[in-house]
Amino acid sequence: MISAQAWADAQRLWDFQQMGHEPRPCSVAIGLGSHDLGVADATADLFHRGMAPVVLFTGATSRTTRERMPRGEAEHYRDRAVELGVPASVILVEPNARNTGENIRFSRTLLEERRVPVSTALLVSKPYEERRAYATARKHWPEIEWVSASAPMSLAGYVDSIQDTRLVIDMLVGAQQRLMVYPRQGFMIEQDVPDDVARAFERLCKHGYTSRLVREVL
């Protein structure tokens, strides 16, 4: 059972991760690969709403996607977007990135190679990683303007879609930890973390929601 306090703390982390950006037309929509095909769905929706003329999916595989997406996250995202009516001709695939920093750097290289002019980009991620993705993108490609986007879902709705409450909370805790430690390692820009968010993170760690923490900095 998930306690009422743990759920409230998870909700606080969820709310903090939401950047609250209003989607608007940008040069490109970049969908960050993961286990969640909902990112491809959200990217396709943004394309159909006229928010970007070019779609780029980026991601290799990870331990959580190796079996489900054997051809790579970006390739499976492309297939999903085509199923949803996005023309294959407007989709670029970056199949090598294995972390968020590489997602950004490799996407930039591919767009430059294809001579796609970029001044603004929609950064499409899982809902609980909007802020982490944004902070990483700002670090690795600061020259352009980033607009964070994700599927418009509540925490409860996302848990229902994943069907694993503990995993979702573990992922929230992992995303929050990275926001706090990765700036010191040069992986992302610094983000101000409110005291109540830090306390929620600490309580969840104390109660064992730690499977997605970066072990070397524990």
Side-chain angles (χ1 to χ4, degrees), residues 1-21 31-39 42 59-66 68-69 73 97-104 123-140 146 148-218:
M1 282 292 292
I2 307 299
S3 71
Q5 182 64 67
W7 185 259
D9 288 338
Q11 183 68 60
R12 186 64 190 97
L13 298 190
W14 177 274
D15 292 343
F16 181 60
Q17 280 289 340
Q18 303 288 298
M19 295 296 295
H21 292 172
L32 303 183
S34 73
H35 65 92
D36 186 355
L37 275 175
V39 175
T61 58
S62 68
R63 60 189 176 92
T64 57
T65 62
R66 194 169 294 115
R68 293 179 54 214
M69 301 179 182
E73 295 157 3
R98 296 187 180 277
N99 58 56
T100 310
E102 290 185 352
N103 286 142
I104 303 305
L123 186 63
V124 191
S125 65
K126 299 184 292 296
Y128 64 84
E129 285 196 336
E130 275 196 22
R131 187 175 295 274
R132 174 190 170 190
Y134 175 81
T136 305
R138 286 282 310 281
K139 177 69 177 183
H140 292 283
W146 293 96
S148 286
S150 65
M153 300 178 73
S154 66
L155 173 57
Y158 192 76
V159 166
D160 285 345
S161 73
I162 299 298
Q163 292 292 299
D164 190 334
T165 305
R166 187 171 193 92
L167 176 62
V168 172
I169 297 178
D170 280 353
M171 288 177 168
L172 276 166
V173 171
Q176 183 61 42
Q177 183 210 28
R178 286 160 177 77
L179 274 179
M180 297 187 292
V181 303
Y182 275 3
R184 299 195 297 270
Q185 299 177 27
F187 297 156
M188 61 176 63
I189 64 168
E190 191 80 38
Q191 298 277 285
D192 291 330
V193 178
D195 289 343
D196 64 327
V197 172
R199 288 193 297 270
F201 167 78
E202 290 165 1
R203 281 192 297 266
L204 289 169
C205 287
K206 181 179 178 181
H207 286 93
Y209 295 96
T210 57
S211 74
R212 296 290 167 153
L213 293 184
V214 182
R215 298 297 174 180
E216 57 265 32
V217 296
L218 281 174

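Summarising the local packing, NE2 of His207 is surrounded by 12 or fewer heavy atoms from other residues, nucleotides or ligands at distances under 6.0 Å. At most 12 non-hydrogen atoms from other residues, nucleotides or ligands lie less than 6.0 angstrom from CZ of Arg138.
Counting only distance, with no hydrogens or angles, the side chain of Ser154 and the backbone of Gly157 share a donor-acceptor pair below 3.5 Å. Side-chain N or O atoms of His21 include one that pairs as donor or acceptor with a backbone N or O of Ser148 at under 3.5 Å. Between the Arg98 side chain and the Gly59 main chain, no donor and acceptor come within less than 3.5 Å of each other. Under the 3.5 Å distance criterion, the side-chain polar atoms of Thr65 are left unmatched by any main-chain donor or acceptor of Thr61. A donor-acceptor pair under 3.5 Å is formed between the side chain of Glu130 and the backbone N or O of Met19.
Of all heavy-atom pairs between Pro127 and Ala151, the closest is CG-O, 3.7 Å.
Between Asp15 and the choices Gln17, Gln11, Gln18, the side chain to side chain donor-acceptor pair (under 3.5 Å) rule is met once, by Gln11.
Between atom OH of residue Tyr128 and atom CG of residue Leu155 there is a gap of 11.5 Å, rounded to the nearest 0.5 Å.
A cation-pi arrangement, defined by a distance under 6.0 Å to the six-membered ring centre and an angle within 45 degrees of its axis, is absent between Arg178 and Phe187.
Taking the six-membered ring for Trp and thresholds of 30 and 60 degrees, Tyr158 and Trp14 have ring planes inclined between 30 and 60 degrees apart.
Between Asp36 and Lys126 there is no salt bridge, since none of the side-chain N atoms of the basic residue sits less than 4.0 Å from a carboxylate O of the acidic one.
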